[in-house]
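What follows is a short report on a single structure.
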Amino acid sequence: METTRLDKFLTQALAITRSQAKELLSKGKVTVDGAVCKKGDTKVTAAQSICAGGTLLTAAAEYVYLMLNKPKGVVSASRDPREETVVDLVAQAYPRRTLFPAGRLDKTSTGFVLITDDGAFAHEILHPKHHVPKDYVVEIDTPLTEEMIQGFADGVTLADGQTLAPAQVQAVSADGLVVRVQLRQGVYHQIKRMFGVYGAGVNELHRDGIGGVLLDEALAPGEYRALTEAEVEKIRTAAQ
Ligand code: URA
């Protein structure tokens with residue numbers, strides 16, 4: 001999400017000069033999310049509650065919904081004692097929010113991770129009964145076969161005997177090594193295990209869609225932005 005300096009925000013929101021903003025700040029008249037803030041260079045976002053002299057200048061949104069392009073090597077968790085997490089990548093802009101990833105990608109996978117503080121929304125989209133589609137581009141080490149396509153469509157039975165819901169797979173590259181997979185289920189290491197049944201390994205795995213919302217191509221790995229209201233509604237609708 002876009003950040004701006006607090007002093008700049010004040011000059012714009014209150015139509016005052018920079019030195020007037022500085023004075024408000026130094027007198028302790030400005031709060032950010034309820035805490036007095038005296039530093040003009042503090043980065044703030046539209047999701048924060050900013051008050052001057054007790055007057056609310058922005059109303060914080062009830063919940064935060066973010067689209068992150070997860071880089072490799074980052075774990076899909078809120079906190080981890082050793083590893084960098086997806087929440088670490090966004091947390092600085094949301095110091096008073098309890099954020100968590102709504103759904104996981106493996107440490108080696110990349111792409112769309114939805115981060116929120118709305119537990120009911122996360123529950124809705126992750127509930128196995130709701131079948132929210134998730135789209136992946138996958139690089140495999142063995143060309144896609146008709147047997148895999150049919151097996152995915154019928155529902156793959158994993159090595160542990162678990163039979164999965166039907167999934168779609170189609171080739172993207174002429175050599176059949178880059179494929180698109182659509183899942184409506186979230187089983188641990190699901191795609192790797194599905195290809196594993198056919199003796200195929202996964203070299204790269206990138207998620208580029210959740211509930212029909214595509215990962216914004218402008219987001220470099222590690223970057224994020226807020227989902228629009230329409231995008232949140234689209235994902236919510238996909239869960240119904
Ligand atoms: N399936 C996997 O095997 N890994 C992921 O990260 C997502 C789906």
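Both backbone and side-chain heavy atoms feed into the values below; hydrogens, waters and symmetry mates do not. Whatever order the structure lists them in is the order used to number ligands and atoms, beginning at 1. None of the values given here were measured: they were computed from a predicted structure.
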(message) Please check whether Y136 reaches ligand 1 - meaning an N/O of the residue sits under 3.5 Å from an N/O of the ligand, judged on distance alone.
(response) no
(message) Are any of the N/O atoms on K192, whether in the backbone or the side chain, positioned under 3.5 angstrom from an N/O atom of ligand 1?
(response) yes
(request) Determine the sole option in Q190, H206, R207, R180 for which the side-chain hydrogen bond (donor to acceptor under 3.5 Å, both in side chains) test with Y136 is passed. (result) R207
(message) I'd like to know if R5 pairs up with D41 as an ion pair, taking the criterion as any Lys NZ or Arg NE/NH1/NH2 lying under 4.0 Å from an Asp or Glu carboxylate oxygen.
(response) no
(message) Tell me whether R18 is salt-bridged to E23, with the criterion being a basic N under 4.0 Å from an acidic carboxylate O.
(response) no
(request) Measure L205 to ligand 1 on non-hydrogen atoms and call it side chain, backbone, both or neither using the 4.0 Å cut-off. (result) side chain
(message) Show the atoms of ligand 1 that are less than 4.0 angstrom away from any heavy atom in S109.
(response) 4 (N), 5 (C), 6 (O)
(message) Tell me whether E146 at atom CD has more than 12 heavy atoms from other residues, nucleotides or ligands lying less than 6.0 Å away.
(response) no
(message) Students often mix this up, so state it plainly: with edges at 30° and 60°, are the rings of H127 and H123 parallel, tilted or perpendicular?
(response) perpendicular
(message) I'd like the name of whichever of V113, I191, V202, V181 reaches closest to atom 8 (C) of ligand 1 through any heavy atom.
(response) I191
(request) Return the residue, atom name and 0.1 Å-rounded distance of the protein heavy atom closest to atom 4 (N) of ligand 1. (result) D106 OD2, 2.7 Å
